[in-house]
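Here the structure comes first, spelled out in structure tokens, and everything after it is commentary.
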Amino acid sequence: MSKEIVQIFDTTLRDGEQVPGCKLNTEQKLVIARRLDELGVDIIEAGFPISSPGDFKSVEEISKVVKNATVCGLTRSVKKDIDVAAEALKYAVKPRIHTGIGTSESHIRHKFNTTPEKIIERAVEAVRYAKSFVEDVEFYAEDAGRTDNEFLARVCEAVIKAGATVLNIPDTTGYCLPEEYGAKIKYLKEHVTGIDKAILSCHCHNDLGLATANSIAGAIHGARQIECTINGIGERAGNTSLEEVVMVMRQHPTLNLDTNINSKLLYSTSRLVSESMGMPVQPNKAIVGANAFAHSSGIHQDGVIKNRETYEIIDPAEVGVTESAIVLTARSGRAALAYRAKKVGYELTKLQLDKVYEEFLNFADRKKEVVDEDIHQIIEISKIGIKATA
Ligand code: KIV
Ligand code: ZN
């Protein structure tokens with residue numbers, strides 16, 4: 001049975017770029033947009049055109065260069081925002097306007113000081129107006145995570161009637177549990193008349209570290225678009241991480257879900273975004289962190305050297321990482337030392353290895369990590385009388 005495709009909506013250049021200190025200029029955004037297109041994302045959210053002349057220009061320039069992906073611009077449910085977004089997107093081969101409004105009780109009461117009925121009216125008006133410029137209109141129900149499902153269903157039904165092609169169900173505050181978020185998507189699938197005319201989209205924030213789990217729960221229950229960012233960057237604790245949701249689907253065939261992403265470009269794309277934004281990737285970050293394929297304890301190293309799959313569920317080559325790393329520390333065993341010594345040109349006999357290992361432990365206790373140069377030195381100190389072949 002062929003797998004169902006979940007569209008990847010990348011918002012690195014919009015929600016991701018909202019992070020303090022991560023501001024990019026148009027040139028940098030163009031480099032990233034081209035790379036995202038090459039990576040195979042289906043939609044690139046290029047910015048929020050009304051927010052500044054710089055953002056407008058970036059959306060306009062990205063619209064000119066992106067060849068495959070849909071290019072999307074964010075708006076509030078405000079006519080002027082939609083006018084400006086439509087103008088910025090005019091060169092896009094596949095333009096999309098992403099408009100919306102807060103739907104939770106908290107947003108309705110405190111942000112808009114209005115009534116639920118008026119929110120529906122504004123939502124419908126915004127979608128109709130956006131529809132007068134482009135065919136592809138995505139509607140976001142901001143804070144849908146904390147919105148009552150019955151009311152959310154009414155909003156969704158109304159905006160589908162007004163022409164929305166995609167319904168974004170953001171867990172704006174990262175509050176939901178995976179079960180709850182999945183149930184919300186299921187509820188909408190089952191209770192919104194006309195739901196077959198629109199794609200449901202997950203947009204999850206990571207305040208409780210659940211963004212990936214929530215997005216996957218949404219996809220399991222019928223969402224066919226996930227909104228995410230490279231390295232999971234975004235407001236506060238960030239957005240759903242693109243590389244994580246892509247690899248979850250790829251590693252779990254029983255989900256019967258896949259994406260159009262070329263996973264071999266994930267690692268280099270992660271580094272490109274990190275360097276452009278000056279935002280380091282935490283070493284233990286899933287999929288793209290420096291330690292994601294590094295093994296340092298003796299037991300794990302021995303296993304990985306015998307067979308990579310003992311301690312790795314992903315072949316590093318699949319995500320563009322050259323190979324698994326065997327890191328030498330005081331916790332490493334003989335197998336790891338022999339493996340790394342061989343890599344730098346020493347084929348050690350068992351007896352030689354025993355001698356070198358003793359010196360190695362003394363050395364490693366004084367140093368956090370033993371590198372290739374140190375191995376040469378350790379072998380020399382061990383006086384076993386061999387020279388590197390390479
Ligand atoms: O988190 C959110 O609700 C958003 C919307 C503007 C789509 O980013
Ligand atoms: Zn968001």
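Remember, it's 1-based here, ligands and their atoms both numbered in the order they're listed. Remember, predicted model here, so these are calculated numbers, not experimental data.
- If you look at Thr11 next to ligand 1, there are no close heavy atoms at all, none under 4.0 Å.
- Residue contact check: Pro170 has heavy atoms under 4.0 Å from atoms 2 (C), 3 (O) of ligand 1.
- Heavy atoms of Arg14 come nearer than 4.0 angstrom to ligand 1 in at least one pair.
- For the pair Arg366 and Phe363, the cation sits on the ring face: its NZ or CZ lies under 6.0 Å from the ring centre, inside 45° of the axis.
- Heavy atoms of other residues, nucleotides or ligands lying less than 6.0 angstrom from NZ of Lys131 number more than 12.
- The nearest protein atom to atom 1 (O) of ligand 1, hydrogens excluded, is given as His205 NE2, 3.0 Å; this is a heavy-atom distance.
- Close approach to Glu142 involves these atoms of ligand 1, each under 4.0 Å from a residue heavy atom: 3 (O).
- Ring-centre distance between His205 and Tyr175: not below the 6.0 Å cut-off.
- More than 12 heavy atoms of other residues, nucleotides or ligands shown are found within 6.0 angstrom of NZ on Lys23.
- Looking from atom 3 (O) of ligand 1 to the surrounding protein, the closest heavy atom is Thr172 OG1, 2.7 Å.
- Using a 4.0 Å cut-off between heavy atoms, Glu235 makes no contact with ligand 1 at all.
- Every atom of ligand 1 is numbered from 1 in the order shown, and the set under 4.0 Å from a heavy atom of Asn168 is 7 (C).
- Minimum-distance N/O/S atom of Asp15 relative to the Zn ion (ligand 2): OD2.
- A distance of 6.0 Å or more separates the ring centres of His98 and Phe139.
- Residues Ile108 and Tyr140 are members of separate hydrophobic clusters, defined by side-chain heavy-atom contacts under 4.5 angstrom among Ile, Leu, Val, Met, Phe, Trp and Tyr.
- Between the CD1 atom in Ile326 and the CG atom in Leu337 there is a gap of 12.0 Å [rounded to 0.5 Å].
- Contact check for Asp15 versus His203: side-chain heavy atoms found under the 4.5 Å cut-off.
- Using a 4.0 Å cut-off between heavy atoms, His203 contacts ligand 1 through its side chain alone, with no backbone atom that close.
- With the Zn ion (ligand 2) as vertex, His205 NE2 and His203 NE2 subtend 100°, rounded to 10°.
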